[in-house]
Amino acid sequence: MELIIKNGAVYDPVNGINGDKTDISVRSGKIVDKVSANATVIDAGGRLVMAGGVDAHSHIAGAKVNVGRIMRPEDTRSGIKPRTKITRPCTGYTVPNVYAMGYRYAQMGYTTVFEAAQAIMKARHTHEELEEIPIIDKGALTLFGSNWPTMDFVREKDMDKLAAYVAWGLLASRGFGVKCVNPGGGEMWGFGKNVSGLDDVVPNFDVTPREIIVSLMKANEMLGLPHSVHLHCNNLGKPGNYKTTLASMELANQVKASKDRQVLHVTHLTFNSWGGTNWGDFESKADEVANYLNNNDNVTGDMGQLVWGSATTMTADGPVQYANAKLLHAKWGNGDVELEDASGVVPIYYVKQISVHAIMWAIGLELALLTKDPYKMLLTTDHPNGGPFVNYPEVIALLMSNKKRQEEIKTLHEAVHARTKIPGIERELDFSEIAIMTRAGTAKVLGLLDTKGHLGAGADADISIYDIKPDQIDPSVEHAKIKSAFSSAAYVIKGGQVVVKDGQITATPPGRTYWVDASVPGQHTSEMMKDIVKKFKNYYSMQLANYMVQDEYVTHAQVVKAGAIPVEVS
Amino acid sequence: MQTITIKPKKEMKISVEAENICPDKFAGKTEKEIQSLEAWVGNQKTTLGELFSIIVEGSAPAADTKILMEGDFSRVKRIGEGMTCGLVIINGNVDMHLGNKMSGGNISVKGNVDSWAGREMKGGELIIEGNAGYYLGSGYRGETCGMRGGKITLLGNALDFVGEHMCGGEIIVKGNTGILPGLSNNGGKIVIEGNTSRPGSEMSKGTIIINGIVDEMMPVFKFEGNEDLDGVTYKKYTGDVISNGKGLLYVK
Ligand SMILES: [Zn+2]
């Protein structure tokens with residue numbers, strides 16, 4: 001099956017294409033240099049063409065997401081759409097059902113999405129949902145930051161065992177990368193406590209968050225994993241936490257990257273760039289965080305942009321969610337995953353006239369606009385923590401139009417003037433920078449730039465066409481058109497197949513699930529497994545034999561090989 | 001004035017979703033137009049005209065629209081959903097979700113209503129001469145704000161959870177209620193003339209006044225002494241103390 005897209009205004013920053021009219025040829029699901037004269041022609045008619053969107057941080061599947069659905073039946077009642085001949089029924093806004101996840105991402109032109117946190121023990125559930133999310137490719141990052149084996153091996157300074165554990169944990173969870181959430185805090189939450197900084201000692205384990213982060217980064221690079229360590233910093237949700245964030249970013253200097261990418265990705269910085277000492281003097285420190293990123297090349301971040309209205313906060317950061325539920329008098333879902341972290345789910349409603357919310361809205365935008373290199377600041381809403389992913393087009397429009405931002409600022413709590421810099425920032429991002437924050441950059445940060453995030457030969461044929469003519473639109477003024485075009489793509493092609501036309505789903509092929517198979521020397525694994533066997537015997541409520549996610553749960557697997565020793569790929 | 005008279009054509013065994021029976025939807029419409037409005041019987045789509053005989057007299061805007069319902073509507077749900085004005089008079093029993101999300105107008109029922117009557121209502125008045133089911137004036141599953149405004153008067157008895165998650169408005173029950181009236185309240189006022197049990201748990205705001213016998217008190221209220229309300233002496237409590245609540249509970 002061949003396809004050629006003609007007359008598109010192509011934005012493909014990886015290949016240096018900046019709005020040029022370039023034809024894109026597709027054969028057998030891949031982008032190629034040339035196709036035969038028999039190829040099906042799609043005439044883009046001068047409209048905007050980009051690679052399929054790639055989301056590096058979203059909560060789309062697994063135990064937390066489902067707790068959100070269970071505790072928010074009122075959310076399920078919004079977004080109801082009956083089945084059609086092609087699509088299955090959709091429900092929900094902040095916690096949509098599995099089908100809506102796939103359709104809504106595809107309708108925005110996104111074709112690859114990574115779930116940001118799964119506990120190994122709960123991974124089977126994550127994969128059961130990923131299997132059912134149609135169209136998009138996906139994968140899941142696995143939590144390691146408060147796991148007992150991690151903390152034991154960090155204390156023993158046994159990097160071989162730690163690397164072997166990470167490799168085995170990725171296999172057990174069919175996971176793609178190393179997620180580290182409030183390291184040490186998840187364990188302390190089991191005792192109703194938290195860590196308050198990088199140097200607090202986790203009782204019973206005698207390790208600090210600093211040691212956990214550095215050791216996991218080292219193990220990550222020993223294994224040469226495609227993605228770097230993906231960190232949710234300590235002290236998230238507390239005024240003044242930007243200092244902890246900066247100190248965590250500095251830890252990256254202790255480790256050398258094994259690949260052409262960052263050594264540390266610090267996520268949803270809207271929640272981690274807070275100044276002040278309490279809710280009264282709360283202020284944005286996004287400028288300090290952006291400044292750090294501007295001066296260092298080994299760390300990347302993502303926005304976690306706040307969006308007005310209903311959101312559902314969900315994280316493996318159990319203690320912060322208890323604090324949130326108390327603060328907001330809100331429903332509270334709490335989870336404990338035995339030897340592997342905690343979790344919490346709390347609904348929230350972001351209001352323009354609440355000072356803290358107005359400042360947080362500004363922080364996300366400041367991060368994106370003050371960070372010079374868009375490869376270092378990815379576009380996310382930390383769905384559904386800052387807001388549901390369907391609002392990405394709103395965020396894109398805000399980044400491309402100072403006029404839109406100024407109109408919005410007029411409706412916000414006045415604190416946005418004194419405690420953020422957003423009113424004075426005039427920068428407006430162009431299509432190329434948006435393509436980086438939503439495609440090229442996300443693919444690079446994930447380590448998937450060979451096949452994702454660009455339109456060069458060899459890439460997956462994941463392509464979006466939007467109903468805007470870049471040479472005829474002024475995004476600064478016509479921001480409403482920008483938003484509506486990115487909300488509902490004219491065409492979306494996934495793996496060479498047209499899946500969306502004029503904003504409507506036309507086909508629902510299953511997506512693939514990426515996971516990483518990292519090899520380590522056999523003796524390291526057998527040494528490490530002695531400890532794991534003991535843990536199961538003494539502490540886990542389940543048997544080791546039932547722990548691993550079986551291949552039956554990942555029927556469209558895309559296995560990425562990595563490892564400390566080279567392996568033959570058959 | 002426009003008057004629409006509705007009678008069931010036959011006995012309904014399967015529940016009917018009839019949110020189109022509403023002054024705002026009927027106003028200014030002809031008999032034919034109203035008969036062709038959508039309704040659902042179970043999972044089958046049908047029209048109001050298939051299920052009910054509908055007679056229309058006159059034509060008027062919604063505020064001057066009166067819906068007169070005669071007969072047994074005990075399997076008909078969502079009557080008056082979201083109504084903003086006008087009048088609905090029901091001479092019979094109705095199923096769940098009567099007047100849910102209504103913001104104005106008046107609904108008056110001679111018979112009994114099933115659960116979730118007046119759920120999440122914002123304004124207007126609901127008068128029920130018979131008994132009510134569970135969750136009178138409450139929030140539906142998951143909602144953190146139930147009744148927000150308006151007034152419900154119930155002459156008979158109600159089952160459990162009257163005014164759950166209530167945020168505003170007023171509910172007056174002349175009879176008895178089941179357990180936990182005013183559960184998780186965050187505003188509004190509930191007056192129960194009859195008996196009840198375990199009122200006001202998890203209250204953060206709002207007022208509950210009970211003139212009958214309280215079978216059992218939740219141990220989460222702080223006794224504040226006696227207080228007179230309109231010449232009657234009540235025992236005054238505040239709570240729920242566990243969640244630092246500022247709710248007021250008066251028991252005779
Ligand atoms: Zn997240």
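Chain naming here is simple, since letters A, B, ... match the order of the sequence lines and numbering starts at 1 in each. Just so we're clear, the structure is a prediction, and the values are computed from it rather than from any experiment.
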Worksheet item: Under a 4.5 Å heavy-atom cutoff, which of M71(A), K331(A), R77(A) has the most pairs with chain B?
Response: R77(A)
Discussion item. Does any part of the side chain of R72(A), heavy atoms only, come nearer than 4.5 Å to the side chain of E143(B), both counted from C-beta?
Written reply: no
Discussion item. Tell me whether the count of non-hydrogen atoms from other residues, nucleotides or ligands lying under 6.0 Å of CG in N244(B) goes above 12.
Written reply: no
Discussion item. Does Y349(A) have more than 12 heavy atoms from other residues, nucleotides or ligands lying within 6.0 Å of its OH?
Written reply: no
Fill in: E414(A) atom CD: more than 12 heavy-atom contacts under 6.0 Å
no
Worksheet item: Taking atom NZ of K9(B) as the centre, does the number of heavy atoms from other residues, nucleotides or ligands within less than 6.0 Å exceed 12?
Response: yes
Discussion item. Given heavy-atom pairs under 4.5 angstrom as the criterion, report whether the side chain, backbone, both or neither of S204(B) touches chain A.
Written reply: neither
Worksheet entry | K77(B), NZ atom: more than 12 neighbouring heavy atoms under 6.0 Å | yes
Worksheet item: How far does NE2 of H329(A) sit from CD of E202(B), to the nearest 0.5 angstrom?
Response: 12.0 Å
Worksheet entry | Distance in Å, E74(A) CD paired with T144(B) OG1, rounded so as to fall on 0.5 Å steps | 6.5 Å
